[in-house]
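Below you'll find the structure, written out as structure tokens, and then a few comments.
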Amino acid sequence: MRYASVVVDVPAKGTDKLFDYEIPNKFAGVIQPGMRVIVPFGSRKLTGFVVQLKNETDIDSVKPIHSLFDPEPVLNHELLELGAWLSETTLCYKITAFQAMLPAAMKTRYIKEIKPSSSAQLENLPEEIRTAFEKGGPLSWEDLPSSLVAVVQKEIRNGNLQIDYRVEQKQKKRLVKYVKPLLPVHELEEQLQHLPARAHKQKEVIQFFIDHPNPILLTELTNSIQGASIAVKALIKKGILTEEQVEIYRDPYEHKQFPRTKPLPLTDEQKRAMEPILDKLNRHEHEVFLMYGVTGSGKTEIYLQAIEKVLNEGKEAIVLVPEISLTPQMVQRFKSRFGSQVAVLHSGLSSGEKFDEWRKIYRKEAKLVVGARSAIFAPFQNIGIIIIDEEHETSYKQEESPRYHARDVAIYRGKYHQCPVILGSATPTLESFARAQKGVYTLLTLKERVNRRPLPEVHIVDMREELRNGNRSMFSRTLFEKLTDRLKKGEQSVLLLNKRGYSSFVMCRNCGHVIGCPHCDISLTYHRHGEKLKCHYCQFETAMPSRCPECGSEHIRFFGTGTQRIEEELNRLIPEARVIRMDVDTTSRKGMHEKLLNAFGEKKADILLGTQMIAKGLDFPDVTLVGVLSADTMLHLPDFRSGEKTFQLLTQVSGRAGRHELPGEVVIQTYTPEHYSIQLASLHDFETFYRQEMKMRKSFAYPPYYFLILITVSHPNAIKAAEVTEKIGQYLKLHLSNEAQILGPVSSPIPKMKDRYRFQCMIKYKREKNLYRTLKLLFEHYEEDMSQTDLKLMIDLNPYTIL
DNA sequence: AGCACGCCGACT
DNA sequence: GTCGGCGTGCTC
């Protein structure tokens, strides 16, 4: 093959295509699709992904590939195709899709350096530049003092200096030096005699190797013999020792012990769920399973046993978990069962550690990856099963380009490898549950907890009642009593303040009425500027009322309280209680999260107070009370999924209480106790919630009945941004079917970002034959504007948060 | 993206 | 007549 088509490392509209390069003879047969190469591009050098080889090209002036960047392909055939599919279905650049599949450490760095050209006469160069070169090697363009820029440019023109473009990978492999003797012990003893008398250090080193003739880490040697490195160098020169560079992995779990566990006996219910999975595994067929099982029903054990079967057949497995740095227990369970076959990928690792875990997978040293969203791109060749745990978690959707959902990628890969995909959750997304109801996915249900412990009793407290009774505090009397009771018994409590988002809704403290949009079934957002209430979905806005439109009370105001204020109030009310507060402020430093949780686990505190982050994966035997301070904050966010998210959160947090011997209790404080999300969560009744919520989704044309697309337009000029958004809406009305609804334009929930004004419009559609084409044409239509006037268009297909 | 090319005003 | 400012368009 004479030519290679390359996707070049420039994420831009004009370069989002294939560039053909000639394959020089020296690389013939070496260059393969999926490899990264360094290619000349204009006057620079860039990396690019080879996507295909061919013998013909339409380009008259093809340049040759400069060099290889990887010795072997980093993307296999499947991942190359997956990248193309990703860029098509999420409307991102090809290069962006490819890069998303590799660890960030493998991104390339471009270094621009100045060096004297080969023909240059150094003595002709100006003094200041010459001295700069004498100090050492080429000068980096970035560090060049501004005083020298003009001179350097002049000398480049004169041909005395030239610019060198270098390409490097951000993260290097970690190498360590091993030293070992080249000679057998008796010859070493002989050498000892021949050394000069004053070479004490060298003698000492040789003696060391006589005693321990095995290879040793250079650093370990210098630990036992101070200053040995110079002596070692001399001995290597003499041919007595030799050194060897060995590549090592940075192992984040190096010092942790994982006692081995064996498969547990399955309950009848677990066996029944396991059967169809095993059947598909045996037939090597693809199928998506939705495993809907209450908290504690033993989903993980089913995952483990299915994986065991897959690994025994010599195949690989991917397990996605929401964010495992938060749940070390999860890693523990997999490592304990499968040992060193497990690679772990999550955001708590450094980029170097992620790189090393990736390479373990790439080299087939790991057969199972447990990781967050991006682990779905693990470079396996022979996948036997893919599992997505806590399927409903929003973190599976990437919010930057490529805006993919890990579930979609999992199903793509599952089809490719003809293997089962398991989605597991106690509170599945409506999308997945609806698909299971329709038979698109196979539903597996686990209704019983493994240890037969009952689900905790949930009390709903009406905070309006509290106010009427003169209690203006954040703590209801019920919660206060139960907290002091636990304190007396020496048991622990968890308090959750679910405060998400910055936008505040307006609520009447007297009757609990929340002011909503008459067109969207979404609460209105308070805007301090102009004292207005606005809908983030449609154009509706209204003035901030001074009295509640329902009951006429003056106790109407916007909501939003911080954990800090609650901690203060807690200290005032129960001064003897020891409180650990967990929020963004107290956990921003690395390791703090685990440290605080460990402290709580060691019973160094009575109450754990925190935001969302404490809802997941906590498992402490002495926690017998969970309090949700205000269930409403999330319920009234201007997001059609707020009911679903509230139900999920309440169900999840309820699962934190009474997991072991002691029975648990949950107190949910709310101003809207009658809301079905809260009522049904307290009854642990997902299925009724599902039916109720589906009715709402149907009548307001939301997913899963309709698909959504969110288009965000940004421009430094607010009027321009609004105008373009308006035009885009009209364009779409023209080109999409009558079935599609186009809402907006409205100001984006973050109306101004980085000095750019943002407007958005939303499309609701059922089926659109030419959807991708229409959206691509839309991009092209505004191309001129985009480059000329600094306009930016963002399209999110199936957005998760509209906030 | 980033770089060359090209056209304009300001200065030696 | 040259230097350097930024708008425009291309990169196999």
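Every chain is numbered from 1 and lettered A, B, ... according to where its sequence line falls, protein lines coming before strand lines. What you are looking at is a predicted structure, and each value in this text was computed from that prediction instead of being measured.
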Nucleotide [N], atom [atom2] - distance to [atom1] of [X] in whole Å:
X	N	atom1	atom2	value
I163(A)	dC3(B)	CD1	P	7 Å
R109(A)	dA1(B)	CZ	P	21 Å
D16(A)	dA1(B)	CG	C1'	13 Å
L18(A)	dT11(C)	CG	C1'	14 Å
N55(A)	dC12(C)	CG	P	21 Å
D9(A)	dT11(C)	CG	P	18 Å
I38(A)	dC12(C)	CD1	C1'	17 Å
F19(A)	dC10(C)	CZ	C1'	9 Å

What does [X] touch in the nucleic acid at a heavy-atom separation under 4.0 angstrom: a base, only the sugar-phosphate, or nothing?
X	answer
V10(A)	base
S43(A)	sugar-phosphate
Y165(A)	sugar-phosphate
K13(A)	nothing

### Query
Can K764(A) be said to sit on top of Y702(A)'s aromatic six-ring, NZ or CZ under 6.0 Å from centre and within 45° of the ring axis?
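Yes, K764(A) sits over the ring of Y702(A).
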Closest to the side chain of Y21(A), out of dC12(C), dT11(C), dC3(B), is dC12(C)
Among dC3(B), dC12(C), dA1(B), the one nearest any side-chain atom of I59(A) is dC12(C)
* Would you say a side-chain N or O of K112(A) is under 4.0 Å from OP1 or OP2 of dC3(B)? -> yes
Salt-bridged, [X] to [Y], with N to O below 4.0 Å?
X	Y	value
R109(A)	E168(A)	yes
K112(A)	D164(A)	no
E22(A)	K63(A)	no

| request: Compare the ring of F41(A) with the six-membered ring in the base of dT11(C) and state whether they stack (centres under 5.5 Å, planes under 30°). | output: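 One would call F41(A) stacked on the dT11(C) base.
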S401(A) and Y93(A): side-chain donor and acceptor closer than 3.5 Å? no
